[in-house]
Amino acid sequence: MSENAPLPLTSHVAKGLQGSARVPGDKSVSHRALMLGALAVGETTVEGLLEGEDVLATANAMRAMGATVERLESGIWRLWGRGVGGLSEPETVLDMGNAGTGMRLVMGLVASHPFTAFFTGDASLCKRPMRRVAEPLERMGARILARSGVRPPLAVVGTDAPLPIVYELPVASAQVKSAILLAGLNTPGTTSVIEPEPTRDHSERMLKHFGARVDVGPGPKGGRVVTLHGFPELTGRQLVVPADPSSAAFPTVAALIVPDSEVTLPEVGTNPLRFGLYETLKEMGADILLRNPRELSGEPVADLVIRSSRLKGVVVPPERAPSMIDEYPILAVAAAFAEGTTRMMGLRELKVKESDRLAAMAEGLTKAGVAVEVEGDDLIVHGKGRPKGGALIETNLDHRIAMSFLVLGLGSELPMRIDDGRAIATSFTGFVELMQGLGARIEGSCP
Ligand code: S3P
């Protein structure tokens with residue numbers, strides 16, 4: 001984290017939010033752009049790269065393994081890759097900061113190179129489970145040495161003779177799928193991942209964009225089988241990163257709950273495997289328009305126009321979870337402003353994110369005067385139109401918990417305070433200024 005001292009922030013009830021703002025680049029796409037640019041032959045340029053701490057950690061890791069990675073100007077980066085299989089052993093420990101995606105995907109890259117890399121991260125990342133990625137990478141021939149519970153710090157001892165595998169994911173995880181596919185790049189034959197439910201397909205789309213052969217077909221029980229053909233020739237590309245739908249979620253919900261708002265968010269990624277929140281908000285009665293749909297570097301985008309809306313409670317089925325897994329905290333805030341009960345089902349994976357988000361939302365909303373229940377893996381929020389607010393929230397290094405409760409304070413009766421907003425800079429650079437620019441009242445220095 002960039003600053004050592006905690007950064008308390010307070011949000012106050014806002015008048016109507018108005019205006020247009022581009023939220024920063026998509027975090028998932030930015031990580032992958034740096035990784036594939038580092039493996040491609042020739043020059044790759046990336047426009048709109050998220051310059052959050054998570055992605056900067058990935059840029060450093062790619063440099064440490066021999067790629068040329070340069071920042072030309074704000075959001076514009078140039079890479080010279082090493083070719084598939086051309087990464088070299090890093091001389092120092094790779095510090096992935098707060099980033100689960102960065103760590104898991106780079107572990108995949110290292111697994112099929114004949115060297116050892118050491119990984120660490122912040123206090124949040126060092127609690128997160130890595131067995132889910134260690135297990136398939138070990139089947140491919142790598143060895144993973146880690147702390148108890150397969151938690152970081154850890155070392156990946158890559159192999160010089162990787163084996164192609166067919167791997168059925170035990171949990172729906174794009175990170176695990178992507179780690180295996182990235183390991184499969186420097187592996188002979190074909191590497192296949194069977195997913196029980198489709199998860200975000202940015203890796204598949206971008207691998208194809210760089211020239212790899214990836215076949216996607218139907219899998220058992222409604223899922224998918226993704227097959228990568230090893231040793232592709234990846235060629236440098238020009239990429240434009242869409243605005244992040246997971247970041248856009250915060251000004252979207254803010255505009256919905258603050259009366260007299262109309263906000264435009266240009267160029268937001270609308271990949272259907274990321275768009276579950278917006279589908280759910282529309283079911284709740286949200287006025288969200290998708291204008292000017294188009295494509296950017298193989299990803300669909302549109303300009304979102306959001307107007308204040310009266311929301312009603314809904315049931316969110318468990319099979320929607322992979323398409324909105326990072327958005328449940330902010331959906332729970334929207335649900336607190338709705339009339340009636342919202343039941344969000346099948347949220348087990350929320351417990352192993354940057355913090356235990358299921359517990360964090362239940363506790364925080366309760367403190368803010370909202371009636372909440374947790375039943376097994378379901379979160380149930382009883383909305384009553386306008387919560388009381390007036391609470392101090394511990395964010396536990398979790399950017400999305402921090403932003404969710406700040407948004408709540410823009411519409412609640414009393415201000416909301418968070419103990420530390422520093423983690424916001426991992427995914428949403430300039431969050432406070434962007435929200436202030438739309439008319440939000442958030443006090444404190446900007447992360
Ligand atoms: C991501 C996948 C998701 C998501 C994370 C980003 C990715 O994690 O929560 O923020 O870029 O692949 P899981 O794969 O653990 O569900």
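Counting starts at 1 for both ligands and their atoms, following the listed order. Small disclaimer: the values here were computed from a predicted structure and weren't measured. Quick note: residue numbers are just sequence positions, from 1.
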Q | Residue part near ligand 1, for K177, under 4.0 Å between non-hydrogen atoms | A | neither
Q | Atoms of ligand 1 close to S173 [distance to a heavy atom under 4.0 angstrom, numbered from 1] | A | 13 (P), 14 (O), 15 (O)
(Q) Does the residue H31 have a heavy-atom contact with ligand 1, meaning some pair of atoms that are separated by less than 4.0 Å? (A) no
Q | For ligand 1, the portion of K353 having any non-hydrogen atom under 4.0 Å away | A | side chain
**Q.** Side chain R143, main chain V157, donor-acceptor under 3.5 Å
**A.** no
(Q) Is there a polar contact between ligand 1 and S178, counting only N or O atoms under 3.5 Å apart? (A) no
Q. Do any N/O atoms on K27 end up under 3.5 angstrom from N/O atoms on ligand 1?
A. no
Q.
If the cut-off is 4.0 Å to any non-hydrogen atom of D326, which atoms of ligand 1 fall inside it?
A. 4 (C), 5 (C), 9 (O), 10 (O)
**Q.** SB check R343 D378 (cutoff 4.0 Å)
**A.** yes
Q: Using atom types as modelled and distance alone, determine if a side-chain donor or acceptor of T68 lies under 3.5 Å from a backbone N or O of L79.
A: no
Q. Do T280 side-chain atoms and G276 backbone N/O form a donor-acceptor pair below 3.5 Å?
A. yes
**Q.** Atoms in ligand 1 with a heavy atom of A174 nearer than 4.0 Å
**A.** 12 (O), 14 (O)
Q) Within the side chain of R104, is there an N or O that forms a donor-acceptor pair under 3.5 Å with the backbone of G102? A) no
Q. Any donor-acceptor pair under 3.5 Å linking the side chain of T395 with the backbone of D420?
A. yes
Q. So, does R32 sit close enough to ligand 1 that a heavy atom of it is under 4.0 Å from the ligand?
A. yes
Q. Should you measure from each heavy atom of T101, which atoms of ligand 1 turn up under 4.0 Å away?
A. 1 (C), 5 (C), 6 (C), 7 (C), 11 (O)
(Q) I'd like to know if the side chain of Q436 and the backbone of I442 have a donor-acceptor N/O pair within less than 3.5 Å. (A) yes
